[in-house]
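Working notes, beginning with the structure itself.
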Amino acid sequence: MGKKGKGTGSFGKRRNKSHTMCRRCGKKSYHIQKSTCANCGYPAARKRTYQWGQKAIGRKTTGTGRMRYMKDLSRRFKNGFQEGTEAKKLPVA
């Protein structure tokens, strides 16, 4: 029952949480004592990103989610953002 190193015996002592849920990114990366998120950098205004983490940037960039607003933006732009109009009836031939 050795409790010295960082191996099996020490795992019983690990009961304090240093990180909790971040309100901006939703990951369990918000350090309670530091009051900063290790993932997104909250409460800093700028989101935490680094060029050495290209894979990480690709995981949370535009297009990885539902894109509820942007997915129909190209179609609306093509039609000049028209609103309140109805399609013309085609003559039955």
Side-chain angles (χ1 to χ4, degrees):
M1 293 268 294
K3 302 272 194 284
K4 259 171 70 170
K6 53 185 178 180
T8 313
S10 299
F11 275 84
K13 290 188 171 288
R14 301 189 183 193
R15 59 178 192 82
N16 298 323
K17 289 191 180 115
S18 55
H19 292 91
T20 186
M21 288 275 284
C22 174
R23 60 186 348 168
R24 181 158 76 183
C25 66
K27 290 191 70 167
K28 193 174 107 14
S29 307
Y30 187 78
H31 198 284
I32 299 163
Q33 283 188 324
K34 288 185 188 175
S35 301
T36 44
C37 178
N39 184 51
C40 71
Y42 180 83
R46 291 187 185 195
K47 198 174 62 144
R48 176 189 171 274
T49 54
Y50 294 104
Q51 285 303 310
W52 48 258
Q54 287 292 339
K55 280 184 173 179
I57 294 169
R59 280 186 214 113
K60 47 194 174 185
T61 189
T62 313
T64 56
R66 276 174 62 184
M67 295 212 316
R68 295 189 287 286
Y69 175 76
M70 284 183 62
K71 88 170 98 173
D72 67 324
L73 197 63
S74 58
R75 173 175 46 82
R76 287 174 47 229
F77 171 75
K78 198 166 57 183
N79 297 316
F81 296 99
Q82 61 186 3
E83 284 183 346
T85 56
E86 208 170 307
K88 289 174 184 166
K89 297 267 194 303
L90 288 171
V92 180

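Separating the CG atom in D72 from the NZ atom in K78 is a distance of 11.5 Å, to the nearest 0.5 Å. Atom CD of Q51 is separated from atom CD1 of I57 by 5.0 Å, given to the nearest 0.5 angstrom. Here the straight-line distance linking atom CD of Q54 with atom OG1 of T49 works out to 9.5 Å at 0.5 Å rounding.
When every heavy atom of R48 is checked against every heavy atom of N39, the shortest pair comes out as NH1-O, 3.3 Å. Residues T62 and M67 approach most closely at CG2-SD, 3.9 Å, considering heavy atoms.
Heavy-atom neighbours of K27 NZ from other residues, nucleotides or ligands within 6.0 Å: at or below the threshold of 12. Counting non-hydrogen atoms of other residues, nucleotides and ligands closer than 6.0 Å to CZ of R66 gives a total of 12 or fewer. The environment of CZ in R24 is crowded: more than 12 heavy-atom neighbours from other residues, nucleotides or ligands sit within 6.0 Å. Taking a 6.0 Å sphere around CE of M70, one finds it holds 12 or fewer heavy atoms contributed by other residues, nucleotides or ligands. Heavy atoms of other residues, nucleotides or ligands lying less than 6.0 angstrom from NZ of K71 number more than 12.
With a 4.5 Å cut-off on side-chain heavy atoms, T36 and P43 count as touching.
Sequence neighbours left out, the pairs with a member in residues 7-47 that pass ring pair (Phe, Tyr, Trp, His ring centres under 6.0 Å) are H19-H31. Within the structure, the ring pair (Phe, Tyr, Trp, His ring centres under 6.0 Å) test picks out the following pairs touching residues 47-80 (sequence neighbours left out): Y50-W52.
Looking at S29, its side chain never comes within 3.5 Å of a backbone N or O of C37 through a donor-acceptor pair. Looking only at distances, no side-chain donor or acceptor of T61 sits under 3.5 Å from a matching main-chain atom of G58.
Scanning for salt bridge (Lys or Arg N to Asp or Glu O under 4.0 Å) contacts around R59 gives an empty result, with sequence neighbours left out.
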